[in-house]
Amino acid sequence: RRIMTRATCYKIEQFKNCILVTLRGNWTMATNIEYLAVMAEEINKRKGRPFHLIVDMRSWQIPTAKTFTQMKAAIKIDRSNQVSELWLEDEDTKANHIAEKFFAETKFTLSRTKSITDFIEQCAQKADDNVVQYIKIWLTHN
């Protein structure tokens with residue numbers, strides 16, 4: 001199931017033991033709040049089953065640290081069943097303020113890469129071949 005909203009600023013899709021997220025464009029406070037609400041719903045649908053969060057954030061214009069802090073306070077997401085998170089970034093990604101604030105207290109380590117090859121290799125360590133093949137197709141459509 002694929003969710004596309006806010007003129008495709010984000011897409012969230014569940015596939016087997018992964019939640020695949022595409023982040024694009026320039027976000028407003030409204031976009032971020034909507035995204036977090038939808039993400040919380042998707043995580044709740046997992047009903048306690050473990051999952052990996054796989055994120056393609058190439059060309060995402062990330063809110064500033066000050067704006068992001070104000071936006072993020074409104075919605076709390078339960079990550080207790082999350083096993084890992086992997087970000088595919090590009091040269092313009094400036095997300096250290098997000099990584100520092102929201103991954104300091106998680107039981108998993110955030111992985112970040114700008115290499116599609118490395119991204120696929122890391123996915124292969126987390127998921128079976130069917131999922132990795134699906135992720136390769138998903139990346140070509142992003």
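Using a distance-only test at 3.5 Å, with no hydrogens or angles considered, no donor-acceptor pair links the side chain of Glu42 to the main chain of Gln14. A donor-acceptor pair under 3.5 Å links the side-chain atoms of Arg24 to the main chain of Asp56, judged by distance alone. Judged by distance alone, the side chain of Arg46 and the main-chain N or O of Ile43 form no donor-acceptor pair under 3.5 Å.
Across all their heavy atoms, Trp138 and Val55 have their closest contact at CH2-C, 4.4 Å.
Each salt bridge (Lys or Arg N to Asp or Glu O under 4.0 Å) pair with one or both residues in residues 110-122, not counting sequence neighbours, appears once here: Glu89-Arg112.
Atoms OG1 and CD1, on Thr22 and Ile54 in that order, are 11.5 Å from each other to the nearest 0.5 Å. We find the CD1-CG distance between Ile116 and Leu139 to be 6.0 Å, quoted to the nearest 0.5 Å. Rounded to the nearest 0.5 angstrom, Leu88 CG and Trp60 CH2 are separated by 13.5 Å. The distance from atom CG of Leu23 to atom NZ of Lys11, rounded to the nearest 0.5 Å, is 11.0 Å.
Thr117 is linked by a side chain to side chain donor-acceptor pair (under 3.5 Å) to nothing, counting only residues two or more places apart in sequence or in another chain. For Ser115, there are no side chain to side chain donor-acceptor pair (under 3.5 Å) partners at least two apart in sequence or on another chain. Residues passing the side chain to side chain contact (heavy atoms under 4.5 Å, CB included) test with Asp90 are Arg58, Ser59, Asp92, Thr93, sequence neighbours excluded.
If you run side-chain contact (heavy atoms from CB on, under 4.5 Å) between Leu53 and each of Leu110, Val83, Val21, only Val21 comes through.
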Ignoring hydrogens and angles, write down the donor-acceptor pairs under 3.5 Å from the side chains of residues 123-133, residues two or more places apart or on other chains.
from   : atom 1 : to     : atom 2 : distance (Å)
Asp128 : OD1    : Asn130 : N      : 3.1
Asp128 : OD1    : Val131 : N      : 3.0

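The aromatic rings of Tyr35 and Tyr10 stand perpendicular to each other, their planes meeting at an angle above 60°, with 30° marking the opposite boundary.
The number of heavy-atom neighbours closer than 6.0 Å to NZ of Lys107, taken from other residues, nucleotides and ligands shown, is above 12.
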